Amino acid sequence: MARRDKERSLHALYDAIRRDAFYRKENMGDVFVPGDGSMEDGVIVLIGEAPGRDEEREGKPFVGAAGRNLNALLLENGLAREDLFITNLLKYRPRTSTGANRSPAAAECRYALPFLERELDILRPGLAVCLGLSPAKALLNDPHLKMGRANGALFRGAGLNILVTYHPSPFNFMVPEKSSALRRAFRQVAVRPE
Ligand code: URA
């Protein structure tokens, strides 16, 4: 698909999500955060869980604390953010009754999955990188997936090459085993064969 057609198709998909009466639950923010980045053929697509407060404020994925960790991982591996496409499984912020970020429920992830699959179908990535268990479980259709085993592993699913690694949250980054597992996985992203 030519770039203009990809842009148009993504636009139509994002409009369909905004219009879908069941996608955004009452306990989600009302700011739609679309994917962002390169639409080159064979692009690397990074898939997070859902936007947080910072992403909601800027309307872009991974611009808060997790985004800064992600930027560091990319920099270490000579990868430029503008050469990748960055998106989330959920496009709205799941929030608690007090307004804090919360993890999405399994049913919310299931509902969002066909929309993510369509997004990937449009982008046709060379590699899809799942950042954290939520997108990995959803895309690989494996609710029992464990990160200890899955980190750095390459899967083939739904016609995609899928690499699974930890979410670059500050919470994970503080744990030396998890941050070095993330670093190992990102080295694989950088050196993957064409
Ligand atoms: N965490 C995510 O999973 N996605 C974001 O966009 C930000 C933080």
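From a predicted model like this one, the values you see are computed outputs, not experimental measurements. Atoms within a ligand are numbered from 1 in the order they appear, just like the ligands themselves.
Within ligand 1, the atoms closer than 4.0 Å to a non-hydrogen atom of Gly48 are 3 (O), numbered from 1 in the order shown. For ligand 1, the atoms sitting less than 4.0 Å from at least one non-hydrogen atom of Pro61 are 6 (O), numbered in the order shown with element in parentheses.
Taking any N or O of Phe62, backbone or side chain, at least one lies under 3.5 Å from an N or O belonging to ligand 1.
When heavy-atom distances to ligand 1 are checked against a 4.0 Å cut-off, Glu55 comes that close only through its side chain, counted from C-beta outward.
Using modelled atom types and a 3.5 Å distance limit, the side chains of Arg93 and Asn101 yield a donor-acceptor pair.
Remark: Arg183 engages Glu76 in a salt bridge, criterion side-chain N to carboxylate O under 4.0 Å. The pair Asp36-Arg81 fails the salt-bridge criterion, with no side-chain N (NZ, NE, NH1 or NH2) lying under 4.0 Å from an Asp/Glu carboxylate O.
A distance-only check finds no donor-acceptor pair linking the side chain of Glu49 to the backbone of Ser103 [under 3.5 Å]. Looking at Glu56, its side chain never comes within 3.5 Å of a backbone N or O of Pro51 through a donor-acceptor pair.
Considering only non-hydrogen protein atoms, atom 1 (N) of ligand 1 sits nearest to His167 NE2, 3.0 Å. Protein heavy atom at the shortest distance from atom 4 (N) of ligand 1 is Asn88 OD1, 2.7 Å.
Looking at Ile162 and Leu154, their side chains never come closer than 4.5 Å, going by heavy atoms from C-beta outward.
Residue-ligand proximity: Ala50 is placed with a non-hydrogen atom under 4.0 Å from ligand 1.
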